[in-house]
Amino acid sequence: MPVAASLKTVSKLYGTFAALRKVTVDFEQGRWYVLLGENGAGKSTLLRVIAGLLQPTYGTVLVGEGPPHQGRDRIGYMSHAAMLYDEFTAVENLRYFASLYRERPCQAPEAALDAVGLDPTLKRPVGQYSQGMRQRVSLARVLISQPELLLLDEPFSNMDVASARQMLALLAAQRAQGRTVLLTTHQRELAEPLADYVLTMMAGSVASLLATETAK
Ligand SMILES: Nc1ncnc2c1ncn2[C@@H]1O[C@H](COP(=O)(O)OP(=O)(O)OP(=O)(O)O)[C@@H](O)[C@H]1O
């Protein structure tokens with residue numbers, strides 16, 4: 001099975017505190033991983049290291065064949081913070097983000113919004129959107145460049161269950177197209193039924209990596 005991302009003895013230290021401790025794990029291409037663990041277990045740090053936003057203190061991270069910054073265009077990262085321009089409409093936000101990808105064909109902003117269940121004709125700036133709507137725009141921002149590796153940090157944290165389920169269906173469609181999804185959540189009952197693997201972190205280490213029925 002080809003590997004989308006791989007970590008070898010990766011540690012991330014803040015002073016003497018280890019947010020990640022000697023993490024070694026391969027993420028197979030086209031699979032869906034749910035990352036679980038208590039607050040502070042290191043889930044966000046793991047995603048940020050794979051996204052190339054954090055440099056590990058020790059160890060090696062590969063995305064495909066190379067380091068994360070080489071594969072940057074192939075990665076879609078969605079953090080807790082929405083990373084949107086509040087004074088712009090959703091279409092304007094997406095048009096701007098799409099313009100940052102020079103080498104990569106992007107979806108039309110309207111199509112990306114439609115795909116996440118938002119009305120592309122809304123003229124309100126996203127600063128006036130509800131949190132759930134902002135998260136949909138964030139997901140559209142991530143999906144617009146059609147990345148092969150999706151790193152999603154708590155994508156449904158402020159959503160109602162119906163919206164979260166819609167978003168999960170959308171992500172399932174991404175996976176069906178061969179994309180790899182790594183998703184952290186505290187709502188395991190929502191995401192776990194669709195996942196191939198459940199990775200549980202504890203105090204900066206991988207406590208377990210278990211295949212679900214879906215993976216078999
Ligand atoms: N810049 C930083 N400086 C010092 N400590 C940090 C820094 N960033 C993260 N940490 C610490 O590293 C640990 C892991 O944080 P991380 O955000 O990866 O956890 P998490 O599993 O994603 O938690 P949550 O579920 O609360 O988001 C935490 O104890 C956090 O306080």
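For ligands, and for the atoms within them, numbers begin at 1 and follow the listed sequence.
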Visitor: Quick one: does S11's side chain have a donor or acceptor within less than 3.5 Å of a partner on K22's backbone?
Guide: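 Confirmed, S11 side chain pairs with K22 backbone.
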
Visitor: For the residue pair R179 and Q29, confirm or rule out a side-chain donor-acceptor distance under 3.5 Å.
Guide: no

Visitor: Give a yes or no answer on whether the side chain of T185 reaches the backbone of R188 with a donor-acceptor pair at less than 3.5 Å.
Guide: no

Visitor: Determine whether L62 and I75 fall in the same hydrophobic cluster, where Ile, Leu, Val, Met, Phe, Trp and Tyr are linked whenever their side-chain heavy atoms lie under 4.5 Å apart.
Guide: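 L62 and I75: separate clusters.
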
Visitor: Using only atom types and a distance under 3.5 Å, with no angle test, would you say the side chain of E92 pairs donor to acceptor with the backbone of T89?
Guide: yes

Visitor: Are F27 and Y33, when compared by the centres of their aromatic rings, separated by less than 6.0 Å?
Guide: yes

Visitor: So which residues, sorted by chain and number, lie with a heavy atom under 4.0 Å of ligand 1?
Guide: Y14, F17, A19, E38, N39, G40, A41, G42, K43, S44, T45, H80, H186

